[in-house]
Each structure stands twice: as structure tokens, then as C-alpha cells.
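Accompanying notes for the structure given below.
The sequence lines fix the lettering, A, B, ..., with proteins before strands; numbering per chain opens at 1.
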Amino acid sequence: MRILEGEGVSKHFGGLAALSNVDFHVDAGEIVGLIGPNGAGKTTLFNLVSAALTTKQGVIKFKGRKITGLKPHQICRMGLARTFQSVKIFGNMPALTNVYIGSLFGIPAGTPSAYAAKGAEELLEFVGLSASKVTPAKDLTLVNQKRVEVARALATKPELLLLDELMAGLNPTEVAQAMELVTKIRDRGITVFVIEHVMKAIMGVCDRIIVLHHGEKIAEGTPQEIANNRAVVEVYLGE
Amino acid sequence: MNSVASIVLNRSFQLGLLAVILIALATLPLHYQGYNIVRLLNIFMFVVLTVSWVIFSGSTGYMSLASAAFFGVGIYTSALLGDKLPIAVVVGIGALVSSCVAFLVGALTLRLRGIYFAIFTFGLVELIKHLTLWWEINMEDRRGRLVVYVENDIIFWVMLSILVATLLTAYFIRRSKWGLALQSIGENEEAAAHMGINVTLVKVITFAVSALFVGASGAIIATRWTYIDPGIAFNPLYSFMPVLMAIFGGMGRLLGPVIGAIAFTYLKEELGTEFPELYMLIFGIILIVAILYMPNGLVGLIQRLWIRGFRRQDADT
Amino acid sequence: MRRKLLILMVSCTMVLALAAPLFAAGCDEAEPEKEVIVFGAARPLTGPFAVYEEMAFGPIYKMWVDEVNARGGLYIEEYGKRLPIELKIYDDGSDMGTMTSMLERLILEDEVDFILPPASTAFLFAAAPIANKHGYILMGAEGGGTTLTPLLPSLPYYFGVLNYSDHYQMPVLADILSDAGIETAAIMYLEDLHGVEYSGVAGIELTNAGIDIVMTKSVPLGVMDVSSIINQAKTLGAEAFLSFCYPDENFLAIGTAIALDYNPDVFLTGPGANFAFFAGVFGPAAEGIMGYGAWNTKSSAASEDFYEKFIALYDPGLLDWWGHNLYYAGLQFFEQAIEEAGTLDQAVIREVMATSTFDTILGPTWFDMTADGEGGGLLAEECYTGQVGQWQNGVFEVVDPGANRTAPPVIPKPAWPAEE
Amino acid sequence: MVEFLNIFIGGLILGGIYALIAVGLSLQYGVARVLNISHGEFIMVGAFLTWAMYTFWGLNPLASLAIVGPAIFVVGFVLHRTLFTRLRTSSASPAAYEGGSLIATFGLMFIIQNLAIITWGTDIEAYSFLNTGVSIFGARFAANRLTMLLFAAGICVVFYLFLARTRLGKAIRAAAQDPETAGMMGVNIKRVLALCFGLGALMAGLAGSLLSMCYPIRTTMGLEYTIIAIIVVVLGGMGSIVGSFIGGLILGMVGSIVLYIDPSLSLVAYYFIFILLLLVRPTGILGK
């Protein structure tokens, strides 16, 4: 089943095309990677999917329903959550509250607060942060802030999770933990769409990879196929 | 000490104390007619303005300088309708009209951030002022209006009711899911939107709710001023004062702005009457010293001294 | 826990601090023997209206208090002795809310014996009902106007001193202009109470006198350029240019008229031209400019004395040829009424003021009360020393037709001085 | 033609005044991050110094620029080195500093105004200087206003060249872009910020000097000019010197046109444009 699909998605900033005519899809249960050099339009695509940006060109469908034109909060409540390339946490709130807010607002009917609080604790534990529940989020390390973001996104009970550069700036051990986390998320029945620069990680964890370059899709396939794709290798080596 | 503390901290004791204070205040005009009625109602008014400002701006981080616009709308409602309807109705209408203005303004402008929002709202006050002025002069061939006379004790009771409503609203918003949404918008608006919070709706409605109280207090205080015109009604002073008072008191918790407004109003009046020639100088120095040495406002300072005092006490025992 | 305790203690302290004066006020102390008479006022020491305190009523009431105290004070029969006057002045910061509160504070908390008026017409309007409610006599100083006239019957404690638009400046101006054969006039007015009122009254009075109003333009407070208005008046060839604004705009209008070489036969401005420093600012260009007023040292011997006393105390540039003699006369009247009443009871004094004639620097002075005598009053027309003034050879001459005139009006006014 | 010139040059003059009033504030907010509510007080002090020197010593107002400017610069510089530097280092975040400095400038406004009232009183002062007409292609203008325009333009050009061409100017612009990086690049950030604040005050002082030639002055007039300055700065884009100049000119032109059509609408028009622009282009005409 196609949980997310886009047809002819384009976005211009001023005269510059950040994305031109990109078709893509994500199937339920998959882990799909989105890669490409800096400025390829990866985050733009995520922003369009999550409605942080709007475009009139192209159609994006989530669970078969057209979502272009909806507001971010509506998309979130439909079951599509995301994290951010540069962390956007609620810095002065405790880590737990960050997650709690996700479960409180991210679900259409709303969650009874006691239940939401319990869920939040559980999710913090899931990302390995049960020790820092009351720490203000801004005092956490970058890794842990990213984990808070993941837990917060999970708290909205998504069916599809967009992870934007979860592993950037992490050391090898932390990358391994993050990879494990991504797999664990999928094991909870959540489809994952990731942007990643760490090649080793993305090759290891993804079922399928989409490659963007200068706003256009230049390749798509299994990690194996991508690794052997000439256009992709050129883009990366030619840099 | 401990037993006293436990009594003082007892919740029902606190509620009881609040009730006693409220009853004492509410019955005051029955046996007292002096100037303290006026002094108190001025203080109430500034507490209302400040707390209303904090309800929206304190948590979302959008610094609104529109208070004077909502206040002025209330004042004008009173001037236009004061002699036609009972005063309570007039106050209600003033509140609603202000709230509608805030709703419109909010819907239009809340995408402006930071200093731009502040300056926009400030420009708005001036625009409304000059439009009213232009309207009065060119369409009605007049300037200014006399406002219906109302007894001080009635004004006092109305203002007290507005104050109680404001404080209750602020308190419950702070403790509610809604307050959490506001706070997360202040922390990071984009993330809040992606967490399923309808940020536009939350902001606009809160803005409109906060304007309710400002408009209501404008409508009732206008009756004390007896004569108003656009320059008097839309005085930018009433935009700046709530901000100063909130920062002066400290915005961390609800008590900060309340104490800030009380202390500020009291201080300003006493200095203005004791040292009329020098009070601005003294006041300016107090502001600067406050901002240099009390980064968390008056409440922050008291807290620091308190904790220090406690430590010493602990060390003594 | 500590925090909550703290919050609670702080709030209790504040409540106590607020409550303390209430209880203090509740305890009646034994009335000490009366030693001074306190006059209180909320005046704009700061803010945009502060100029009034410095140049209008401010210097006059201070001067008067010093003079009375030099005589040993006011003799009050009730106490059988002279009581010196003490002033209690609060700053209203030019803010309406502060002014009304300060006024009530003076009356209710400080229990002053008498109040003096706040500055500006709008503030006077607001103060009059408050004073009346508490039964305090309010002698108006800088301000007055048509808006207040219909309220007079309900304000028995109000006594207006200053002359204004239909009381009787504009009718007199219309006479002067029609006598001189002026046929067209252009009006520029400020968008405020003063400007709207004057342009309205002038429109009626001048039209009745057969003068054609060829232009009426309003300007907002803070206008920074009036050349388009001056140019238009010039193009229309208006023989009289009337600027019903405050000094900022009036000075701008004169400067612009000079620069644009618009020299109408009559150039009249509202507040600004009536101050002595005006002649210093504009030098020879002040020649022939008219203003509200008016009095000068030629008006009477008493005026001459008053002038000498004033310049001995203050910068002569601060002198106001419109209101100063009226404010002073008002205070002289008030003083005599209090002594005549022999008590500090305002109701008694009010009756004396409403029914008596006293001698002041204006000569015999009395107030015209509303028809039934139950309302407030305005200074009688016969008491004024003049309604319109004109600068002639450095003197602000009274140019009204009739006995007040100190010099005939110079119409057309001399040309602006040649370029240096 | 004459009417067009009246409106056009009239607009230039007004625009020049507005630009001059605003440039200093733009620098103070754009670089030093202080939204200086006491800006108008510096204008007022400049105006009164010039008036006093003209009235008591007969000093030509244009010559007094050379005294007023440096004197006010020193005040601004010292204020920043003491008060604002301290505030900046003790503030938890840039936003907290902006809020704190706003309050501090409020305090300054009260202090300066009170001191001025003690010194000069609250009455209106004015003097006549170059109050004659000058004819340009048949349209007449006041000589003092044209002089003011010329000086305003000259001062703004010199100021712009200073920022664009000199080493110090480049350091200031670097600090405006990114104070931390500029600090690492060897720019003495404390001194540069203080310099900016001082220069902003200097521009305010000069504006006051020039204004006093054409308008009556009062010690209580400061806030009115601060408000105009804020509008112009926002219109032009915060921190952009050229933007302030353009913002001032636009406001002046609009003002001149509206004054021609219906003077009573001039302020309404200002605020209307201001609000419209903020809605359409919140960062101002030249803002980033």
C-alpha cells in the first residue's frame, strides 16, 4: 500500500527551482532513504510533505488523500510526524513535557492527559532518555535533543515518520544506536522516511533509496542498486 | 516555624485567605469613600492591563504593543454608549468590541514575528487614533466627547470584577492544555505546528481573549475621566506601561506581573506626588537599576534574597 | 514548597501595605488648629502640556501665592487670623487618567482647602464635574470653550476666566475685519478641540459679517509641512489668513508664509502670537501679526503694575498677553471672595463669587452666572481688556473696536521684512 | 510644473528630515540591537544645544553641528560602554538583551527629559534662521528647509561612505551581520558596538540641530520624534542605512502628496502605508 506519494512536485524560491517535477512514493512498512548533495532539495521535499512550505505545482497524497494545501497541524493529526534538520525542541521545558505535548495535541481526538503522560514516559524510555525526564531540553546534548524530537514525533502516534538528518554530527557509536532506533521504530509498525548524509547508515538501514540532485530525482532503488548507479556515483564523486 | 509553614501552605487555608482578601476588597466601598478607592482601582486597572498582556505576550513571545488600541476602543465604547445603556452592558460591549478588533488584527498580523509584530501593533494604535480623529473632525465636526458619570464605588466594583475575571482566566490558561500550547508556540512555533497545534487559531483566540479584559477596563475607567478625545483614549503610554510592569515584576509566574503592576503603579504615583520635579529622573534610575540588577524582575529578586535568607537560617540551626 | 510560601508571604505583605493606609485613614485624629490654607492642583510638569505650566497659569499662581503670603496670608474671620497659603502641586504627566486621579487624591486624601485648575481645555472639562461632585470651586485658567457652555447649568462651582471663541473673540475679530473692508479669509486649523471650535465659530461669525471663507483646511497634530496650505491660500488670494493652531503649527505657518512670500492683509494665529517671546523669535516679521488677547501696559495703570511685578520675577519672554492678566485677576477675585466669606466653606464662598463684584487689575470684576444663578459662571464681557491683539512696534496692541482699544489695527499688515 | 516642483521638492525636504531622524536609530538597532526609545531625547538635546548656542552666543546653527555632534557622540559611547555593555554581558539571550535594553532606554528617556526640563524648562523655544524664500524654477521654498535638506543629504552620504569604505565601517558592518564571528576575526566587538551607539546618538544630535532651524522646540518633544524614527526605520528595513534613507524619502513624498490633497489625512496616510508595508513585506523595503 502506498502510504505517501507525490506527483510532479515542484517548488521555486524566487527564480530558483529547489524541486522540479519530482515523483516519489513510500510504501507502508518501508524505511525509505532520501539522499543527495547539499542543496539537492531534500529538506524542501520534507517541508512540502509536512506543509511547512506550500506549493501549487504537483500533488502529494498521504494514505491516498490529497494533503497539499493542508496546514501542518492537520497533517500531523492525520498521522504524519517529522523531526527537524536543526533541532527545534521546546528548550525551556523538561524533556518529558516536550513529548507530552506531542501526545496531547498530535492526535485528532486528543488524549486524556493522564494517559498522555504515561505514554510520554514510555516513549522517553523507548529512545533511551528515561534518566533525563525533568532536564530542560536545552540542557541536553545534541544527540539527546534529537532523541527528544523523535520521541515527541512518535507521541503524535504517526503512521509515517519523517526523520531529517537524525545522525548528522553523531559519533560512530551514536550512529549505530540511531540506526537501531530507526529499525525499532519500523518494528512498531511505523513507516519511516529518512534524509541522511551518513552513507553507511543509510545503506544499512533503508529498504529503498531516492536520490535527488539539483532538485530533480536522478535515481531510485535498493541500496545495492544505488551504490552501483553511475549517475549517483558521479554526483557524489564529482562534487 | 514548620507548623506555621504547613498551615500557610495548606491549600484550603490559601483559598480561604484569598476569599477573605476578596471579600475585604469587595466590601471596602461600603464603609470607606476615600481616595484609596481610586488608588486601588487604578492599581486594579494596571494589573488587568499587565496580566492581559502577559496572557498572550508572556507565553508566546509575541510582544504586543496593541494594549492602547484595545483600551481606547473600550474607552470610546463607553463614550458613545455610556448614556444609553446600563454601565455593565457598556463594559461588556467594550470588551467584545475590543476582542473583535483583536481577533481581526490577530488574524491579519500574527505571521509577523519579533520586533516587527511589536512595531506593527504600535503602528496600529496610531492608525486607529488618527482615523478616529479624522472621522470626528471631518464626519462629525467635533473633537472629543464627554463620558457619562459613574460613582467611584460602582467603578471600583466593576474593575474588581474585571480583575478577578482576568486573574482567573490567566490562572486557568496557565494550568491548562491551552497554556501548554501557548508556551510551546513561544518556545518554537514551527515545531508546535508540526506537533498538531493549530498555532494560528491558538494565537488569534488568545489574543482576542486577552483584549476582552483590556477593552472592559477601558470602558469602565473612561467614566472616571469624564472627557475623552482620540489623543487621550489612544495614548501609547497604555501600550508601554503593561510591558514595563510585566518585565519589572518578572514574567516567570503569574505573581510576577501582578506584583510588578502593583509596585510600579504605587511607586509612580508616590514619586509623582512626593517629588513632582524629579520623579521622572528617579523613576528612570529605578528602571535602569532594576534591569541591571534584577534580571528576573522584582519577584526574581525577592526569591533570591529569600533563598539566601533560608540558607543562612539553615546554617544557623 | 519554599516558593509557594514565599509567594504567599509576598502577597500578604502587599495586601497589608495597601490596607495600612485604610486603617490609618479610619482613625480620626483630633483636628489641629488651622495653620495654613492648602491649594492643590494637578499640573502638567512633564509631557506635551508642560508648556502650560511654564508659560501660562504656572507663573501666575506661584506669583500670587507669594504675594498673599508676603501679606501674611488670607484673613479668615472664622479663625480670626491670617493663614498663609501652601501649594500642593502634583504632576499629571499630561495624562488624563493621572490628572483625574490626582485631583481626587488632593480632594479626598490630602483634603486640600482649595483646588486650582489643571491645564488645557480638555482637562478642564474633565476636572469640572469632579470638582463639582465634591463641592470644590474650580476657577478655570488656560481653557474654556463652547463645549462646556451647555454644561454650565450643572456646574455651579465652575468659574471660567479665559475668553475664547464665541466668548467673545471671534465676534470681535469679525467686526475688526469687516471694518477694514476685508472680504475673503482662509482658515487653517488644528485637529483638536481648540482648532475645531475656533474654525467653527469663526466660520459663522465671519460669514455673518459678510466675509467669504475661501478655504478651510485642517492639519493633524505634529504636521511638519504646511506649504501646500499656504500656497493654496496665496493662490486663492485670501485677504485674511487665520491659523487656529498651537504654537508649533502657528510658527510653522508664519515661517512658511514668509518663505513663500504670502503676505495677506491680516495674519492671525492662535496660541503663540500672544506670548512676549514671539516678537523676539520673529523680529521684524512679527510686525502686524494678530493673536488672541489681549492686554498690554497701556490697558490700565493696574496692568502696568502687574507687568512690572511679573518681569521682576520672571523672564519677560514668558509673558502672555492673552491670559496672564485674566488668571491673575481671577485669583485676586477668588482671594477677596474667600476673605469676604470669612470661612473656608466652599458653598458659602461660591455664593459670594456668584453674587459679588470685586476690584481686580481688570477693574470692577464679576461673573455672569447662568440664568437662574444655580449654575456656573463665566467672566463678564465688560471685564475683559480686549479680545484681539496685534503686534505693532514690538507692542501687542489691543485692536478691538471700542474702549479697550490701545491702538487702531494696521490693516493691511506691513510686508514681511526684505531678505537679508 | 510649479505645483509638481512644490510637491516634489517639498517631499524631498520632508523625506530628508525623516531620513535624518531615522538613520541613527537604524544603526543603533541594526548593529547594537538596542531599540532606543530615548532616541528622540538625543534629538531634543541636540536641538536645545544649538538653540542655546545661537541665542546666547550668536553661534551659527550650522557651525554648532561641529560641537553638538561630537559632544553627543561621547555621551552615547560612554552610555554604551557602561550601561549597555553590562546589560549585554549579563543577559541570558539576545532576545532578553533586546527586551532589557528597551526598558533601559525607557529609563534613559525619563532621565534625559527630566534633566532637560531642569535645565531648559518646558516652554517653547524657537529662533529665526535663514527664514527667507528661495525660488527654484518659479516654486518657492524656505531657505532654512533647503539648507536642512542639503546638510541632511550630505551627512547621510558621508555616513554611508564611512560605513562602506573605511576599515572601521567594515568592522561595523561585520558586527551587524554576525557579532560572534566578527569578534573572532579580531574586531573589538565591545568597542564597535559602543561606537555604533555613539554614532547613532551623534546622528540624532545633528538631526536635532538641523530641526531647530525650522521648527519650534520643546524639552518634551522627544517621544514624537522617536515614533517617526521607528516608522521610517521599519519602512526602510532595520539596520539598513540606505533603507532608512529610502524609507524617509518615501514617507516624505507620500506626506507631500497627501498634504497637497488633504492635509488632515497626512498622518493617517503614514500609518496606513506603514501597516500595509509591514503586512506585505515585513522586513522593510531593503531588509533581508
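The 12-atom threshold is not exceeded at NZ of A:Lys71, counting heavy atoms of other residues, nucleotides or ligands nearer than 6.0 Å. Applying the 6.0 Å contact sphere to CZ of A:Phe13 captures more than 12 heavy atoms from other residues, nucleotides or ligands.
Remark: aromatic rings of B:Tyr62 and B:Phe207 are distant, center separation not under 6.0 Å. Centroid-to-centroid, the aromatic rings of A:Phe84 and A:Phe46 stay 6.0 Å apart or farther.
Identified under the salt bridge (charged side-chain N to carboxylate O under 4.0 Å, His left out) test for residues 86-105 of chain A, with sequence neighbours left out: A:Lys88-B:Glu190.
There is no contact between A:Leu80 and chain B, counting heavy-atom distances below 4.5 Å. Residue A:Ala52 touches chain B through both its backbone and its side chain, counting heavy-atom pairs closer than 4.5 Å. Looking at A:Thr97, only its side chain comes within 4.5 Å of chain B, counting heavy atoms on both sides. Contacts between A:Ser50 and chain B at a heavy-atom distance below 4.5 Å involve backbone atoms as well as side-chain atoms.
Proximity to chain B at a heavy-atom threshold of 4.5 Å picks out nothing from residues 118-126 of chain A.
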Checklist entry - How far apart are the C-alpha atoms of A:Arg152 and A:Glu149, what are their side-chain angles, what is the distance that settles it, and do they pass the salt bridge (charged side-chain N to carboxylate O under 4.0 Å, His left out) test? => result CA-CA 5 Å; A:Arg152 189 179 62 181; A:Glu149 270 204 343; 3.8 Å; yes

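Ion pairing of A:Arg186 with A:Glu30 is absent here, as no side-chain N (NZ or NE/NH1/NH2) approaches a carboxylate O to less than 4.0 Å.
Here the side chain of A:Thr44 pairs no donor or acceptor atom with the backbone of A:Ala18 at under 3.5 angstrom.
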